[in-house]
Asker: 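Take a look at this one; I'll ask things after.
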2 protein chains.
Amino acid sequence: MAAQGKGPGGKQPTINDVAALAGVSKKTVSRVINRSEFLTEKTRRAVEQAIEQLGFVPNPQARALAFRRNFLIALLHDNPNAQTVLNFQQGVLDAIKDSDLALLVRPVDRGSDKMLDDVRVFLEKQRPIGAMLLPPISENDDLAALCENLGVRYVRVGSALLDDARHCVSSNDREVVAEAVRGLIARGHRRIGFVRGPAGFRSAAEREKGFMEALAEAGLELPDAYHARGNYRYASGVEAGEALLALASPPTAIFCSNDEMAAGVMGIAHGKGIAVPGQLSIIGFDDSPTATHIWPALTTVRWPIREMGSRAARTLVPDFLGFGAKVASDESPVLPSILVERQSVAAAPADT
Amino acid sequence: MAAQGKGPGGKQPTINDVAALAGVSKKTVSRVINRSEFLTEKTRRAVEQAIEQLGFVPNPQARALAFRRNFLIALLHDNPNAQTVLNFQQGVLDAIKDSDLALLVRPVDRGSDKMLDDVRVFLEKQRPIGAMLLPPISENDDLAALCENLGVRYVRVGSALLDDARHCVSSNDREVVAEAVRGLIARGHRRIGFVRGPAGFRSAAEREKGFMEALAEAGLELPDAYHARGNYRYASGVEAGEALLALASPPTAIFCSNDEMAAGVMGIAHGKGIAVPGQLSIIGFDDSPTATHIWPALTTVRWPIREMGSRAARTLVPDFLGFGAKVASDESPVLPSILVERQSVAAAPADT
DNA sequence: AAGATTATTGACACCGGTTACCAAAATGAC
DNA sequence: GTCATTTTGGTAACCGGTGTCAATAATCTT
């Protein structure tokens with residue numbers, strides 16, 4: 001622990017105190033703080049020692065003023081899934097832990113027509129260095145354009161590449177879903193239902209594509225009756241479950257576009273006395289806490305949300321995170337999701 | 001929408017531009033911004049009109065520097081329950097929506113012995129006006145003392161009053177739990193199990209007190225074997241369920257100190273073929289998303305977390321939130337939780 | 001060794017507000 | 001009408017850093 005040295009008057013020491021102690025100008029101290037090149041090793045050490053001795057911490061407000069930019073990155077989200085947001089946050093914090101940056105969180109209201117203005121005011125006021133857009137608002141091109149105009153860097157997080165790679169972090173929803181569904185087919189399932197996410201969500205579209213892809217490969221069709229449209233909420237899963245399981249020839253497996261809806265379907269199955277996974281296999285998506293809190297535990301897709309948070313931060317502000325944080329140019333902005341197999345999938349019942 | 005007037009050079013207009021346009025000094029403009037008294041109505045209007053015309057927004061960084069204080073409030077948390085944190089956040093944002101304030105989020109690592117230092121550096125750097133401490137770290141007195149020393153206002157959120165009322169927002173866990181357990185007793189349950197939260201958590205202690213209170217009122221005892229110790233996680237609920245339900249004379253009802261553990265107990269019940277709520281009633285606490293995502297839906301206690309967030313903000317910085325946000329001196333800092341009755345509770349089985 | 005180059009450092013203005021303090025104007029008392 | 005008192009507006013310094021550009025020191029050429 002550094003000595004809690006205070007400048008004259010018991011206040012926080014300033015750059016001037018450091019300069020005086022080290023016998024250099026404040027500009028030189030500033031150079032040390034900002035890791036400027038063009039510094040003698042000797043000078044640097046003298047300054048660093050003075051900083052250490054005084055316990056000097058640069059005042060972010062002053063820097064923000066001089067830089068015309070706050071040392072902040074903003075997280076803009078409108079995500080119904082709290083765990084996702086928080087995990088992502090955690091990933092971002094992992095990345096910025098040892099930097100000067102702090103994280104500003106800003107939920108936005110996707111529905112509101114003032115949304116864009118709200119965000120504009122927010123960005124103009126706070127002047128963060130950059131902003132991270134979580135899905136679904138990451139899919140809004142106007143928002144990205146706004147950042148661009150305001151000179152705020154941005155990164156869009158999504159289920160698929162939404163933009164130029166330097167503005168993107170994504171997972172590979174389509175491929176993993178296809179893989180999961182192939183697994184169902186391999187276990188003998190032929191009557192496979194699908195619960196889609198809400199219209200207008202890229203993630204919903206990607207997951208659907210993956211599902212269709214796997215079905216097509218196996219030469220299977222998706223009857224209209226097997227195609228339920230949900231909105232990522234539990235209640236819509238309940239509705240979908242009621243519809244699909246009331247059919248004369250119900251599916252033996254259902255892929256749900258997220259875990260909440262999967263939980264809804266499973267609840268209905270329990271209510272109808274349909275055994276999961278004996279008579280009905282269910283797969284979800286997200287690996288949210290719900291996935292393990294329901295019984296039987298849900299086979300689902302886990303996207304590496306925390307890693308995506310770190311990556312997003314590193315993509316956004318590589319130059320602020322110190323050496324080693326840079327994203328190598330050959331790193332793909334696509335972080336792979338994985339299928340987590342638990343207890344909600346079994347082979348198709350024989351009597352079909 | 002105000003005209004997007006830009007100052008000379010297409011940049012954001014500054015206080016100087018406003019002063020020039022209004023034909024006054026920047027100090028006068030500053031007075032108008034800060035609602036100083038001692039101003040002619042005429043002057044004020046001239047300035048306000050100039051502000052309007054230019055679309056001037058005071059630069060928060062400059063103000064922060066001059067004020068020696070950032071227009072930020074911090075949310076410090078180390079909460080395993082993401083939904084709780086996010087709901088609280090939302091409540092805070094409701095409260096600060098129309099103010100100049102922004103919200104800084106800072107997860108802290110309760111376990112780390114550097115925690116206090118980390119928080120100190122954070123607060124010294126960011127210099128927020130105030131900090132809100134969520135449980136369980138709100139129970140840490142050193143943290144509160146640190147805020148006090150640093151001149152950062154603080155509010156502690158908890159299951160019970162942790163401090164002076166002006167530093168507190170809390171819910172009434174004990175009372176509601178007692179009420180819930182009385183309900184079980186009224187439905188004929190006599191063998192009631194308890195799954196406790198982790199040692200050292202005030203919330204765990206409060207819920208236990210409420211539970212014991214209700215039992216004592218009815219003249220019931222809690223056998224040791226009925227008293228399971230969990231840690232608020234699903235897995236510990238599973239263990240507790242295994243222990244309690246393997247007893248020769250198992251409980252007919254179990255109160256779990258949070259929903260995740262309740263979900264664990266319920267999973268075990270399903271596994272053992274014990275009907276919920278027919279043979280076993282279960283009550284949880286939190287009304288987390290899990291509560292409705294499991295089947296049958298969980299009877300649980302909902303604490304008004306979003307309201308608590310608003311209240312915390314209003315308690316913390318009443319003078320920054322504009323007229324009407326002040327917490328009346330006779331408002332209690334205790335916001336009541338409510339019992340949400342769903343499908344996991346029924347009368348005690350007759351064969352007992 | 002002198003002059004040319006280049007690497008380091010410092011002086012000073014400036015970022016956009018605020019406060020401290022002083023001057024001018026307005027008001028009231030006599 | 002003059003002087004003391006209260007309002008109001010202006011000037012300068014300051015908050016704690018950074019940018020520009022010139023000055024100085026170090027290194028290289030020939």
Asker: In whole angstrom, give the distance that lies between atom CZ of A:Arg68 and atom P of C:dG17.
Answerer: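 Rounded to the whole Å, the gap is 12 Å.
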Asker: Please state how far atom CZ in A:Arg44 lies from atom P in C:dA7, giving the value in whole angstrom units.
Answerer: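 After rounding, the reported distance stands at 15 Å.
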Asker: Kindly give the heavy-atom pair with the smallest separation between B:Leu146 and B:Leu116, and that separation in Å.
Answerer: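 Answer, listing the atom of B:Leu146 first, then B:Leu116: CD2-O, 3.7 Å.
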Asker: Going by atom types only, do B:Asn81 and B:Thr84 share a side-chain donor-acceptor pair under 3.5 Å?
Answerer: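 The criterion, which ignores hydrogens and geometry beyond distance, is satisfied for B:Thr84 and B:Asn81.
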Asker: Quick one: closest heavy-atom pair of B:Leu103 and A:Leu104, and the distance?
Answerer: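 Residues B:Leu103 and A:Leu104, closest heavy atoms: O-CD1, 3.1 Å.
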Asker: In degrees, rounded to 10°, what is the bend between the two ends of the helix from C:dA1-D:dT30 to C:dC30-D:dG1, using five pairs at each?
Answerer: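 Comparing the axis at each end, I get an angle of 40°.
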Asker: B:Glu41 CD to D:dT8 C1': how many Å, rounded?
Answerer: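 Atom-to-atom, B:Glu41 to D:dT8, this comes out as 14 Å.
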Asker: Under 4.0 Å between any heavy atoms, over every strand shown, what does A:Leu39 touch: base, sugar-phosphate, or nothing? Just pick one.
Answerer: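 Sugar-phosphate only.
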Asker: Can you give one letter per nucleotide of nucleotides 17-22 of chain D, 5' to 3': B if a protein heavy atom sits under 4.0 Å from the base, S if only from the sugar-phosphate, - if neither?
Answerer: BBB---
Asker: Quick check: closest heavy atoms across A:Cys168 and A:Pro333, and the distance to 0.1 Å?
Answerer: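 A:Cys168 and A:Pro333 have their closest heavy atoms at O-CB, 3.5 Å.
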Asker: For A:Ile73 versus A:Ala313, what's the shortest heavy-atom pair and its separation?
Answerer: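 The pair with the smallest heavy-atom distance is CD1-CB, 4.5 Å.
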Asker: OP1 or OP2 of C:dT8 sitting under 4.0 Å from any side-chain N/O of A:Thr43?
Answerer: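 The answer is no; no side-chain N or O of A:Thr43 sits under 4.0 Å from OP1 or OP2.
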Asker: Going by an N to O cut-off under 4.0 Å, is there a salt bridge joining B:Arg120 and B:Asp142?
Answerer: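 No, this pair does not count.
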Asker: Between A:Lys125 (NZ) and C:dG17 (P), how many Å, whole number?
Answerer: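 About 13 Å, once rounded to whole Å.
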Asker: Side-chain N or O of A:Thr28 versus OP1/OP2 of C:dG10: is the shortest distance under 4.0 Å?
Answerer: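 It does, given that an N or O in the side chain of A:Thr28 lies less than 4.0 Å from OP1 or OP2 of C:dG10.
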Asker: In whole Å, what is the span from the CD atom of B:Gln61 to the P atom of C:dG16?
Answerer: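 Rounded to whole Å, this separation is 10 Å.
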Asker: Would you say C:dA7 has OP1 or OP2 under 4.0 Å from some side-chain N or O of A:Thr40?
Answerer: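 No, A:Thr40 has no side-chain N/O under 4.0 Å of OP1/OP2 on C:dA7.
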Asker: Show me the side-chain donor-acceptor pairs of residues 59-66 of chain B shorter than 3.5 Å, one per line, residues at least two apart or across chains.
Answerer:
| from | atom 1 | to | atom 2 | distance (Å) |
| --- | --- | --- | --- | --- |
| B:Asn59 | OD1 | B:Gln61 | N | 2.7 |
| B:Asn59 | OD1 | B:Ala62 | N | 3.0 |
| B:Arg63 | NH2 | B:Asn34 | OD1 | 2.9 |

Asker: Give the minimum heavy-atom separation between B:Leu143 and B:Ile137, together with the two atoms involved.
Answerer: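 Closest approach of B:Leu143 to B:Ile137, heavy atoms only: CD2-O, 3.8 Å.
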Asker: Whole-Å distance between D:dG16 C1' and A:Ile51 CD1?
Answerer: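 These atoms are roughly 14 Å apart.
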Asker: Which pair of non-hydrogen atoms, one from A:Ser30 and one from A:Ile15, has the smallest distance, and what is that distance?
Answerer: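 The answer is N-CD1, 3.8 Å.
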Asker: In this structure, how many angstroms lie between the P atom of C:dT19 and the CZ atom of B:Arg69, rounded?
Answerer: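 So the two atoms are 14 Å apart, to the nearest Å.
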